[in-house]
Amino acid sequence: MANPLALQSRRVQVQDSFDAIQDYCSQQGWTDGLPVVPPTEDLVRQMLLTYGEDPSLFLGVIQPRNARVTLEKLAVNAVMAGCRPEYFPVVVAVVKAVLQKEFNVAGVSATHGGAAPAIIVNGPVVKELGINGDAGCFGPGYRPNASIGRAVRLVIRNLGGLIPGEMDKATLSLPARYSLCFSENEDRSPWEPRHVEMGYDPSASIVTVAGIRGISIVMETTVPTGIEVLRSIVDTMKSTGVSNYYQIGTGTQIVLVLCPEHAVDIHASGLSKADVREYVYQNARMPIHQLKDVGHYGNRNWPRWIDQTNPDTLVPIALSADDIVVVVAGGDGRHSAWLSGWGVTRVTTQEITRLA
């Protein structure tokens with residue numbers, strides 16, 4: 001292992017006071033508006049030790065600033081976000097996923113639509129670190145969820161240069177740009193977890209990152225069967241305000257998060273995760289006459305097999321069933337959600353690697 005003391009970041013001297021440090025970081029544009037943990041040399045070293053690689057290890061270039069991303073720079077931002085050192089391998093994996101070309105981090109982060117990365121964690125690391133995938137998993141209260149997601153956003157801001165009002169052009173933005181990180185609730189899912197579904201060994205841990213435009217919560221407490229639950233969820237996806245329908249040609253995707261109770265009912269109706277994806281693909285469709293001349297119609301991007309001359313042609317919410325990610329998360333209560341995707345991004349996945 002390389003010498004963990006070989007830090008390359010420049011040093012700055014700041015008055016030893018909480019307020020002075022916060023004011024300095026804010027003046028430099030390094031914060032998301034919340035207080036940050038001062039990234040002292042000692043704390044950065046501790047963060048790096050959990051990954052066991054050279055701090056100068058080059059991970060890629062982040063757009064639009066075209067900045068070099070190194071482990072050391074990630075560690076600085078992870079410290080500022082409040083991560084514990086043991087969270088750092090997850091942060092590294094997420095950033096690697098974000099840097100994949102198909103994720104299009106600059107586009108996701110600069111768009112007027114205010115898209116944000118949604119981070120889903122699977123595998124043994126979830127229990128090891130206490131990453132919440134049960135009650136309240138989209139919200140506050142869990143340090144790993146909050147700080148891992150925040151660290152990634154600080155990297156996007158501080159290394160990528162995506163600062164609101166500058167390169168970040170979001171009209172409204174999303175609270176998820178502070179942090180949106182949760183795990184699949186594997187213990188309460190009736191199906192295999194996402195990492196096994198994707199071909200990883202059960203002992204592996206992975207992160208999945210999706211660029212999302214919003215979260216639509218669906219309550220269904222009345223219907224008696226799982227197939228009817230799914231029908232209710234899909235019905236909420238049919239609206240001229242959903243830009244996915246106009247952008248399937250560029251590969252827009254969605255994430256369906258089923259609460260455990262809905263998932264159990266849907267499984268009892270005989271549906272697998274693959275069946276759920278296919279059901280959504282076949283039934284979340286809008287006729288052209290409802291999409292035409294409204295919404296995102298002027299920037300529509302449809303494949304050639306969409307017959308635009310027929311007003312009754314049904315446009316699906318995604319290009320294929322494989323563009324619909326299905327996970328189980330949340331606690332008690334019959335509330336599921338679907339996360340609409342931004343138009344020019346793809347869901348990416350990265351295995352988490354750690355010291356043996």
Side-chain angles (χ1 to χ4, degrees), residues 62-66 97-118 153 156-157 160-177 180 209-216 233-256 277 280-325 337-348:
I62 188 168
Q63 303 294 343
R65 184 179 279 171
N66 201 32
V98 164
L99 290 178
Q100 293 179 33
K101 183 178 179 180
E102 55 267 39
F103 184 76
N104 186 14
V105 63
V108 170
S109 305
T111 173
H112 289 292
R153 282 302 309 175
I156 291 171
R157 177 191 178 96
L162 287 146
I163 296 173
E166 296 180 16
M167 293 305 299
D168 175 353
K169 300 296 184 182
T171 303
L172 294 172
S173 195
L174 292 176
R177 284 196 173 186
L180 179 56
V209 187
I212 67 160
R213 291 174 56 92
I215 301 173
S216 300
I233 293 171
V234 167
D235 282 347
T236 71
M237 299 178 181
K238 301 176 185 179
S239 170
T240 54
V242 177
S243 63
N244 286 68
Y245 290 104
Y246 300 98
Q247 299 175 324
I248 61 172
T250 54
T252 185
Q253 298 169 289
I254 66 170
V255 177
L256 175 58
R277 290 194 294 271
V280 174
Y281 174 66
Q282 295 295 340
N283 291 277
R285 299 189 174 215
M286 292 281 291
I288 282 182
H289 68 82
Q290 291 186 16
L291 298 172
K292 187 175 181 180
D293 297 330
V294 295
H296 213 54
Y297 187 73
N299 290 318
R300 67 192 181 282
N301 189 317
W302 289 334
R304 291 183 177 180
W305 52 263
I306 298 292
D307 181 4
Q308 299 189 42
T309 67
N310 181 356
D312 294 324
T313 295
L314 293 175
V315 180
I317 199 168
L319 196 60
S320 74
D322 289 338
D323 288 322
I324 299 161
V325 175
W338 63 277
L339 285 55
S340 55
W342 184 65
V344 191
T345 184
R346 300 289 292 172
V347 173
T348 55

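Since the model is a prediction, treat every value here as computed from it, not as a measurement.
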Assess whether atom NE2 of His112 is packed by more than 12 heavy atoms of other residues, nucleotides or ligands within 6.0 Å.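 Not buried by this count: 12 neighbours or fewer within 6.0 Å.
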Checking Val255, Thr236, Ile215, Ile324 against Trp338 for side chain to side chain contact (heavy atoms under 4.5 Å, CB included), the one that qualifies is Thr236
For Thr250, which of Asn299, Leu319, Thr345, Val344 qualifies under side chain to side chain contact (heavy atoms under 4.5 Å, CB included)? Val344
Closest heavy-atom contact between [X] and [Y]?
| X | Y | answer |
| --- | --- | --- |
| Pro117 | Phe103 | CB-CZ, 4.1 Å |
| Gly160 | Pro64 | O-CD, 3.1 Å |
| Ala97 | Val209 | CB-CG2, 3.8 Å |
| Val108 | Trp342 | N-CZ3, 3.6 Å |
| Gln308 | Ile288 | CA-CD1, 3.6 Å |
| Val347 | Ala210 | CG2-CB, 3.8 Å |

Would you indicate whether the side-chain heavy atoms of [Y] and [X] approach each other to under 4.5 Å?
| X | Y | result |
| --- | --- | --- |
| Ile212 | Leu180 | yes |
| Met237 | Val242 | no |
| Pro316 | Ile306 | yes |

Qualifying salt bridge (Lys or Arg N to Asp or Glu O under 4.0 Å) pairs with a residue from residues 234-255, counting only residues at least two apart or across chains: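 Sorted pair list: Asp235-Lys238.
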Sort and list the pairs that fulfil salt bridge (Lys or Arg N to Asp or Glu O under 4.0 Å) and have at least one residue in residues 311-321, not counting sequence neighbours. none
For the pair Trp302 (side chain) and Tyr245 (backbone), establish whether a donor and an acceptor sit closer than 3.5 Å, ignoring hydrogens and angles.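 At least one qualifying donor-acceptor pair exists.
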So, does Arg177 use its side chain to make a donor-acceptor pair with the main chain of Ala116 at under 3.5 Å?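 No, because the side chain of Arg177 does not come within donor-acceptor range (under 3.5 Å) of the backbone of Ala116.
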To the nearest 0.5 Å, tell me how far [X] [atom1] sits from [Y] [atom2].
| X | Y | atom1 | atom2 | value |
| --- | --- | --- | --- | --- |
| Arg300 | Lys292 | CZ | NZ | 8.0 Å |
| Leu339 | Arg213 | CG | CZ | 12.5 Å |
| Met167 | Ser109 | CE | OG | 10.5 Å |
| Thr240 | Asp293 | OG1 | CG | 12.0 Å |
| Asn301 | His296 | CG | NE2 | 9.5 Å |
| Arg65 | Ile156 | CZ | CD1 | 13.0 Å |

Look at Arg346 together with Asp323 and state whether they make a salt bridge at an N to O cut-off of under 4.0 Å. yes
Without hydrogens or angle criteria, can the side chains of Asn244 and Thr252 be said to hold a donor-acceptor pair below 3.5 Å? yes
Residue pair Val98, Thr348: steps toward the side chain to side chain contact (heavy atoms under 4.5 Å, CB included) verdict: CA-CA 7 Å; Val98 164; Thr348 55; 5.9 Å; no
Angle between ring planes, Tyr246 versus Tyr297, binned at 30° and 60°: parallel, tilted or perpendicular?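 Perpendicular: the ring planes of Tyr246 and Tyr297 meet at over 60°.
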